[in-house]
J.: 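Next up is a structure, given as structure tokens.
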Amino acid sequence: MIHHVVFFKLKPTVDDQKLEEMMRSTRSMLLKIPEVLSVRSGKNIDTNGEWPFFLTVEVESLEKLRMYVEDPQHLKYVQTVIKPNTTARFAMDFQTDPSKDLKYS
């Protein structure tokens with residue numbers, strides 16, 4: 001399993017209501033992608049934190065992660081939710097199944 005984690009900085013115009021809408025949109029839009037096993041999104045408890053919004057997506061393999069990134073639903077999500085509301089992103093990918101060799105995923 002691959003756990004894809006992305007942190008975002010928000011534009012100054014994004015208020016709490018907009019942030020909650022982004023969280024709902026993240027779950028509803030990204031769960032429509034067949035390769036996605038689970039989606040989480042949320043806001044930083046520390047309101048002064050550097051990365052106030054995050055999302056995580058779990059997929060079965062690196063190949064499925066590539067398919068997720070290229071999926072039209074993901075591209076629509078980036079255009080309608082992420083680009084209009086964020087200024088920066090920081091992404092990391094983690095392997096959650098230690099018995100599986102990544103070169104075969």
J.: Partners of His3 by ring pair (Phe, Tyr, Trp, His ring centres under 6.0 Å), sequence neighbours excluded?
T.: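 Once residues adjacent in sequence are excluded, His3 has no partner under the ring pair (Phe, Tyr, Trp, His ring centres under 6.0 Å) criterion.
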J.: Decide yes or no on side chain to side chain contact (heavy atoms under 4.5 Å, CB included) for Leu19 and Leu10, but give the supporting numbers first.
T.: CA-CA 9 Å; Leu19 183 54; Leu10 300 175; 3.8 Å; yes
J.: Once you round to the nearest 0.5 Å, how far does CE of Met67 lie from CD of Glu60?
T.: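 Answer rounded to 0.5 Å: 10.0 Å.
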J.: Could you state the interatomic distance from CG (Leu55) to CE (Met22), rounded to the nearest 0.5 Å?
T.: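 So the CG of Leu55 and the CE of Met22 are separated by 9.0 Å.
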J.: Are more than 12 heavy atoms from other residues, nucleotides or ligands located less than 6.0 Å from atom NZ of Lys76?
T.: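 No, because the 6.0 Å sphere around NZ of Lys76 holds 12 heavy atoms or fewer from other groups.
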J.: Residues in ring pair (Phe, Tyr, Trp, His ring centres under 6.0 Å) with Phe8, at least two apart?
T.: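 Only Phe53 meet the ring pair (Phe, Tyr, Trp, His ring centres under 6.0 Å) criterion with Phe8.
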J.: Quick one: pull up CD1 in Ile2 and OG1 in Thr96 and give me the separation to the nearest 0.5 Å.
T.: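 OG1 of Thr96 is found 7.0 Å from CD1 of Ile2.
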J.: Below 3.5 Å, can you tabulate the donor-acceptor pairs from side chains in residues 83-94 to any protein atom, sequence neighbours excluded?
T.:
residue	atom	partner	partner atom	Å
Asn85	ND2	Val81	O	2.7
Thr86	OG1	Ile82	O	2.7
Asp93	OD1	His4	ND1	2.5

J.: What residue pairs, at least two apart or across chains, pass side-chain hydrogen bond (donor to acceptor under 3.5 Å, both in side chains) with a residue in residues 45-58?
T.: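 Counting only pairs at least two positions apart or across chains, the side-chain hydrogen bond (donor to acceptor under 3.5 Å, both in side chains) contacts touching residues 45-58 are Lys9-Glu50.
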J.: Checking Lys18 now: which residues fulfil side-chain hydrogen bond (donor to acceptor under 3.5 Å, both in side chains) with it, not counting sequence neighbours?
T.: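 Partners of Lys18 under the side-chain hydrogen bond (donor to acceptor under 3.5 Å, both in side chains) test: Glu21.
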J.: Residues in salt bridge (charged side-chain N to carboxylate O under 4.0 Å, His left out) with Lys43, at least two apart?
T.: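 In terms of salt bridge (charged side-chain N to carboxylate O under 4.0 Å, His left out), with neighbours along the sequence ignored, Lys43 is linked to Glu20.
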J.: Listed by chain and number, what are the side chain to side chain contact (heavy atoms under 4.5 Å, CB included) partners of Asp16, not counting sequence neighbours?
T.: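 Checked Asp16 against side chain to side chain contact (heavy atoms under 4.5 Å, CB included); zero matches.
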J.: In a table with atom names and distances, give each donor-acceptor pair under 3.5 Å that connects a side chain of residues 29-42 to protein atoms at least two apart or in another chain.
T.:
residue	atom	partner	partner atom	Å
Ser41	OG	Met23	O	3.2

J.: For the residue pair Ser25 / Tyr77, report whether a side-chain donor-acceptor contact shorter than 3.5 Å exists.
T.: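 Per modelled atom types, Tyr77 and Ser25 side chains form no pair under 3.5 Å.
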J.: Tell me, please, which residues at least two apart from Gln73 pass side-chain hydrogen bond (donor to acceptor under 3.5 Å, both in side chains).
T.: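 By the side-chain hydrogen bond (donor to acceptor under 3.5 Å, both in side chains) rule, Gln73 matches no residue at all.
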